[in-house]
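Below you'll find the structure, written out as structure tokens, and then a few comments.
Quick caveat: nothing in here was measured; it's all calculated off a predicted structure.
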Amino acid sequence: MALDGFTIHALIDELRPVIINTRVDRIHQFASEEIAIQLRGARDSLTLIISAHAQLARFHIGERPGVPQNPPPFAMLLRKHLAGARLINLQQYGLERVIRFEFDTYEEYAGQAAKFLYLEIMGKHSNLIFANHEDVILGAVKHINEFQSRVRQVLPGEKYTFPPSQHKKDPRTMSAEDFSLVIGRSDPAQKVREILVKHLDGISPLLADELLARSGFATDSAAVVTAGGFGDSDVVNLWTSLEDLVNKSRTGLWEPGAAIDESGYVIDFSCIKPTHLADGKIAVRDLPLNQCVVESFEITAANNRLALLKQNLFRTISQAMTRAQHRQKAHQKSIAAADQADQWRIYGDLLLTCTGAKSGAGQSAMTLVNYYDPSCAQITIPLDQALTIADNAQKYFKKYTKIKRGLQFSTQQLKKAEQEISYLESVQTALEFADQPSEIEEIRLELQQSGYQRVRGRDGTRSKTHDKSKEKGRRNAPEKAGFHKFKSSQGIEIIVGRNNIQNDRLTTEMAAPNDLWMHVQKAPGSHVLIRSSSSGSNQVDDVTLLEAANLAVFFSKMRSSSKVPVDYTNKKYVKKPPGFRPGMVIYDNFSTIIVDPDPAILKHFGL
């Protein structure tokens, strides 16, 4: 879905009347290669998205994304020079995929001066470059030095030059004879669509296929027809289609359209409707190019940002899990070693029963009768030769006391480590199921509040302490994700938490004492609440109980298992002790139902 030269031409024609003569209000850089410029017009404001992403390079009007707390240097540079500037022109050079945004700015000493923002759409070499009125580079999202490219450097202070030309022919300046020579001089075995892409500027494979389809070739044959099998009449028909495209670029009367799959997603688009993609499963319809870009590139970009954020959170959870598991193993090892503690106490007791315990220094061992052994067998006790027998006994008692104290500490810490592992598994499960930005943002905030992610302030400092009052006061605080809400086949409301923060709200704030609370047994998962009050009775029927239990299994780590035990009890028997982590509770007076996930029940809930 890369933007070709003609489609960029059409998109500029579509956007120019809307964004020209608007003023820059705010600038945000929400990703390393993407910026959002908020423009203010005479009547309303709009957001211009410009991206130099390797796979998703684009420009369009869209929704303003979330504002990062710490603007990158490139964003600060643009704010310094473009705050309050007027966007006066939007220009493409030839049919190259280079777009120049021209801003009219005011400088204190120089007065009015133009500033240029260049977007170069070139795959992995895509870039966003900012230059002054003399085309001297002020900054770029990707700096290219002489070691990376000997042909063209992109560095502050260097003169901006256009990317090297591919020496293709501009269809707008060609004649029918020129076009015929391009086809005729090509390798007879070469496909015509490849000839168009290779030799003509602004033509993508999609546009080449559409031109062939409009020249009378069926979709299958258009993809394989070669120059050798192309007759004079075919050349004339293809030239007519190309000339029609060129006329649209001159008049600005484009016919943009998109191919849309059965799910309603834009799978491809162009400056002219891609009619060759239409079949039983794909529909082609008119659609403004800006909307095409938003519904294809922007959705993909949002999904990529979502995946990257999830990946970072998974890494945070994994690192915390590894640390907790190391602590768990260390304390388990300490507890196992404490099994020998009684042996040191016995040594001490037996030594004190020995006559002459106050003397006896210089002995390396002593053999005594073990009165703790039912058979009263003899036992050999190692001694420190520098100590008396009594001092050796005290040494063993101290060793016993130290291990016992360590045992108590290790037991407490082992319990904490196991609780932390259980908590992290619940966060990991919630993150696996999260598919909305608001859900992932809630999990990120939860990890910050729990001390697993550092909070970076606007001054660049980092702290592990999460200030809830500041979070509540943020202007761009994320919208909370809603609960999963369902209706049973009996009309009873069932509510499911999406993450630990929602589980807490659901159980401690929303639930009535007699509402039925459910959770899979001994596994991470969502809290499930049956609003028995909505039925006018405190009793829940068996059908609703089974349906809610299926939801509890579906929104848990046991989703793919069979015969899953699900505990349920009234909410009044569910408690959250002080100091417990989000989503962690204790409960009693519960019953258990064994569930085999039923696809029919899940289908009823649209899952």
Requested in this report: Give, for atom CD of E442 and atom CD1 of I440, the distance between the pair rounded to the nearest 0.5 Å.
Outcome: 11.0 Å

Query raised in the report: Salt-bridged, D349 to R345, with N to O below 4.0 Å?
Result: yes

Requested in this report: Calculate, to the nearest 0.5 Å, the distance between atoms CD1 and CZ belonging to I37 and R26 respectively.
Outcome: 14.5 Å

Query raised in the report: Of the non-hydrogen atoms in T47 and A36, which two are nearest, and what is the gap between them?
Result: CG2-CB, 3.9 Å

Query raised in the report: Side chains of M584 and S426: closer than 4.5 Å at any heavy-atom pair?
Result: yes

Query raised in the report: Is it true that E420 and R327 have a side-chain N and a carboxylate O under 4.0 angstrom from each other?
Result: yes

Query raised in the report: Can you tell if the side chain of V141 reaches within under 4.5 Å of the side chain of Q29, non-hydrogen atoms only?
Result: yes

Query - M518 and its side-chain contact (heavy atoms from CB on, under 4.5 Å) partner, picked from D567, I530, L529 - result: I530

Query raised in the report: Taking 4.0 angstrom as the limit, do K415 and E418 come out as a salt bridge?
Result: no

Query raised in the report: Is a side-chain donor or acceptor of Q448 paired with a backbone partner of R444 at a separation under 3.5 angstrom?
Result: no

Report task. Show the numbers, then the answer: is there a side chain to side chain contact (heavy atoms under 4.5 Å, CB included) between H326 and T322? Result -> CA-CA 6 Å; H326 284 166; T322 300; 3.6 Å; yes

Query raised in the report: With a 4.5 Å limit on heavy-atom distance, are the side chains of L545 and L516 in contact?
Result: yes

Query raised in the report: For E34, does its backbone N or O pair with a side-chain atom of S51 as donor and acceptor, under 3.5 Å?
Result: no

Query raised in the report: Any chance CZ of F580 has more than 12 other-residue heavy atoms, nucleotides or ligands included, within less than 6.0 Å?
Result: yes

Requested in this report: Give a yes or no on this: more than 12 heavy atoms of other residues, nucleotides or ligands lie within 6.0 Å of atom CZ of F314.
Outcome: yes

Query - Check against side chain to side chain contact (heavy atoms under 4.5 Å, CB included), Y568 and V540 - result: CA-CA 11 Å; Y568 62 94; V540 175; over 6 Å; no

**Report entry** V595 side chain near N550 side chain, heavy-atom distance below 4.5 Å
**Finding:** yes

Query raised in the report: Between the side chains of Q419 and Y423, is a donor N or O closer than 3.5 angstrom to an acceptor N or O?
Result: no

Query raised in the report: Going by heavy atoms in the side chains, are V154 and E158 under 4.5 Å from each other?
Result: no

Query raised in the report: Going through the distances and angles, do Y372 and I379 end up as a side chain to side chain contact (heavy atoms under 4.5 Å, CB included)?
Result: CA-CA 10 Å; Y372 292 94; I379 185 172; over 6 Å; no

Requested in this report: Quick one: sort the H331 and F409 rings into parallel, tilted or perpendicular, breaks at 30° and 60°.
Outcome: perpendicular

Query - Within 6.0 Å of NZ in K142, more than 12 heavy atoms from elsewhere - result: yes

Query raised in the report: Which atom pair, heavy atoms only, marks the closest approach of H519 to P524?
Result: CE1-C, 4.4 Å

Query raised in the report: With a 4.5 Å heavy-atom cut-off, do Q148 and H143 have their side chains touching?
Result: no

Requested in this report: Please round to the nearest 0.5 Å and tell me the distance separating atom NE2 of H81 and atom CG of L138.
Outcome: 5.0 Å

Report task. Quick one: sort the H484 and F486 rings into parallel, tilted or perpendicular, breaks at 30° and 60°. Result -> parallel

Report task. State the CD-CZ distance between Q428 and F433, to the nearest 0.5 angstrom. Result -> 11.0 Å

Requested in this report: State whether a side-chain donor-acceptor pair under 3.5 Å links S126 with E33.
Outcome: no

**Report entry** Spacing of K310 atom NZ and L308 atom CG [to the nearest 0.5 Å]
**Finding:** 12.5 Å

**Report entry** N/O donor-acceptor pair under 3.5 Å between K576 side chain and R581 backbone
**Finding:** yes

Requested in this report: Quick one: closest heavy-atom pair of G348 and A393, and the distance?
Outcome: O-CB, 3.6 Å

**Report entry** Donor + acceptor pair across side chains of D541, Q490 (<3.5 Å)
**Finding:** no

**Report entry** Expected output: side-chain S318 to main-chain R315 donor-acceptor under 3.5 Å
**Finding:** no

Report task. Look at the side chain of T429 and the backbone N and O of G525, then say whether any donor-acceptor pair between them is shorter than 3.5 Å. Result -> no

Query raised in the report: Under the 3.5 angstrom rule, does the side chain of Q521 hit a backbone N or O of P565 as a donor-acceptor pair?
Result: no

Query - E547 with K487: basic N within carboxylate O range, under 4.0 Å - result: no

Query raised in the report: Taking C-beta and beyond as the side chain, do Y587 and T507 meet within less than 4.5 Å on heavy atoms?
Result: no

Report summary line: dist R498:CZ -> I443:CD1 (nearest 0.5 Å) comes out at 10.5 Å

**Report entry** Closest non-hydrogen atom pair between D596 and K563, with its separation
**Finding:** OD1-N, 2.7 Å

Query raised in the report: Distance-only, no hydrogens or angles: does the N570 side chain make a donor-acceptor pair with backbone N or O of K572 under 3.5 Å?
Result: no

Query raised in the report: Taking H527 for the side chain and D504 for the main chain, is one N or O donor matched with an acceptor at less than 3.5 Å?
Result: no

Query raised in the report: Taking all atoms of both residues into account, what is the closest heavy-atom pair of V369 and C376, and its distance?
Result: CG1-O, 3.6 Å

Query raised in the report: Going through the distances and angles, do S296 and I267 end up as a side chain to side chain contact (heavy atoms under 4.5 Å, CB included)?
Result: CA-CA 7 Å; S296 54; I267 60 172; over 6 Å; no

Query raised in the report: Between the main-chain N or O of I129 and the side-chain N or O of N127, is there a donor-acceptor pair closer than 3.5 Å?
Result: no

Query raised in the report: Got a donor-acceptor contact below 3.5 angstrom from the R79 side chain to the I27 backbone?
Result: yes

Query raised in the report: So, do E425 and I421 sit near enough that their side-chain heavy atoms are less than 4.5 Å apart?
Result: yes

Query raised in the report: Which heavy-atom pair separates S526 from V496 by the least distance, and what is that distance?
Result: CB-CG1, 3.5 Å

